[in-house]
Number of protein chains: 2
Amino acid sequence: MTASPKYTMEDVTERLGITARTLHYYEEIGLLPAVMRTDGRHRIYDEIMLERIEHILKLKRVLGASLQEIRDILQAEEELEHIKASYYKEPHTEEERDLLLDQAIERLQSIIIHIDEKMAKLQAMRQSFGERLDRANRLKHRSLPDR
Amino acid sequence: MTASPKYTMEDVTERLGITARTLHYYEEIGLLPAVMRTDGRHRIYDEIMLERIEHILKLKRVLGASLQEIRDILQAEEELEHIKASYYKEPHTEEERDLLLDQAIERLQSIIIHIDEKMAKLQAMRQSFGERLDRANRLKHRSLPDR
DNA sequence: TACAAAACTAACGTTAACGTAAGTTGTATA
DNA sequence: TATACAACTTACGTTAACGTTAGTTTTGTA
């Protein structure tokens with residue numbers, strides 16, 4: 001069992017461009033469960049935690065989601081992972097598995113619908129700004145101005 | 001000159017689903033300049049103001065922009081309108097017009113770039129969630145499970 | 001082992017975008 | 001004209017997502 005590399009608080013904050021307070025806060029509100037500690041209660045992060053943190057930051061920046069929404073998304077993902085794991089290890093009845101899977105699928109679908117709606121609106125807005133830009137460019141190059 | 005219809009505070013809040021405080025606040029921070037008033041200092045809104053407010057709300061919801069950013073976008077749009085208007089009415093030298101147009105074009109382009117970046121990231125995220133969903137669906141229908 | 005640098009906890013501060021309450025005027029209608 | 005309801009201004013309150021001390025332990029290094 002080869003131990004994965006460990007990172008200190010400073011490692012993480014410098015690498016991800018965030019502050020210690022942010023990590024403290026995410027832990028406070030339950031976004032980062034069970035962070036490992038040294039004997040002296042200093043935090044240690046491993047690769048898995050790093051990926052989780054990066055995932056959170058990405059969801060924040062790209063989706064513009066609140067930490068509360070991110071919590072829900074992460075939970076949906078974890079349920080899915082749990083289901084996948086137990087699919088191979090634990091014995092389940094067909095019905096149990098189907099129920100769990102359906103729940104996870106439903107959550108994923110609602111996330112995707114959310115994203116799709118957002119993209120559609122962005123698309124429409126992008127187009128309207130594009131048209132404005134076109135008009136401005138036509139004005140500049142003195143082809144027949146509209147209006 | 002046929003006067004455009006006027007709307008009261010209640011008209012606007014009910015129609016747009018916002019509160020009076022929001023309109024007061026937008027005025028406070030300069031997002032809604034020169035709102036008309038009755039003799040008794042009650043606010044009156046016309047179609048143009050309504051459209052401006054709707055535009056602001058759309059930018060907020062779709063772009064997730066802060067009111068500060070929205071202020072900048074509105075300013076860019078107004079500059080462009082002003083340029084278009086003055087193109088026909090006021091006399092300008094070629095250089096003056098080109099300078100103003102270039103500034104407006106630059107602002108519009110930066111907005112569009114912003115939108116495009118956001119869409120690209122959303123696209124990537126959408127795809128990753130789509131793949132997760134596919135895996136879950138494969139699990140459910142018991143075709144060869146991956147991993 | 002001694003000490004500077006790093007991390008810890010606890011707690012109050014800050015900003016954006018409004019919410020809410022209070023007391024005062026305006027306005028529409030009987 | 002009386003009155004109920006709408007809108008006004010002023011000002012303090014609230015929530016999310018951290019920022020910022022402050023005072024106290026840990027830890028890596030000389």
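It should be emphasised that the depicted structure is a prediction, and the values quoted were computed from it without experimental measurement. So you know, we letter chains A, B, ... as the sequences are listed, proteins then strands, and number each from 1.
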Ion pair check, A:D102 and B:K140, cut-off under 4.0 Å: yes
Examine C:dT27: is either OP1 or OP2 under 4.0 Å from a nitrogen or oxygen in the side chain of B:T38? Give yes or no. yes
Nearest-Å distance, CD1 (B:I29) to P (C:dA17)? 6 Å
Closest to the 5' end of DNA chain C, once A:R37 and B:Q68 are matched to their nearest nucleotides, is A:R37
Tell me whether the side-chain N/O atoms of B:H24 come closer than 4.0 Å to OP1 or OP2 in C:dC18. no
D:dG28 C1' sits how many Å from A:M9 CE, rounded? 17 Å
For A:Y26 and for A:H42, find the nucleotide of DNA chain D with the closest heavy atom, then tell me which residue's nucleotide is more 5'. A:Y26
Please confirm whether the shortest side-chain N or O distance from A:R21 to OP1 or OP2 of C:dC12 is below 4.0 Å. no
When you check the gap from the basic side-chain N to the acidic O, do B:R52 and B:E77 get nearer than 4.0 Å? no
Pairwise 5' ranking along DNA chain D for B:A20 and A:K60, keeping only the more 5' one: B:A20
May I ask you to say whether B:R21 pairs ionically with B:E28, meaning some side-chain N is under 4.0 Å from a carboxylate O? yes
Separation of atom NZ in B:K6 from atom C1' in D:dA6, rounded to whole Å: 20 Å
For atom OH of B:Y25 and atom C1' of D:dA11, their distance in whole Å: 15 Å
Can you check whether A:L16 reaches A:L23 side chain to side chain, under 4.5 Å on heavy atoms? no
Whole Å only: how far is the CG atom of B:L31 from the C1' atom of C:dC18? 13 Å
May I ask you to evaluate whether B:T19 reaches the phosphate of C:dC18, defined as a side-chain N or O under 4.0 Å from OP1 or OP2? no
At under 4.0 Å, does any side-chain N or O of A:R43 touch on OP1 or OP2 of C:dC8? yes
D:dA7, OP1 or OP2 - any side-chain N/O from B:T8 closer than 4.0 Å? yes
CD1 of A:I44 versus C1' of C:dC8: gap in Å, rounded? 14 Å
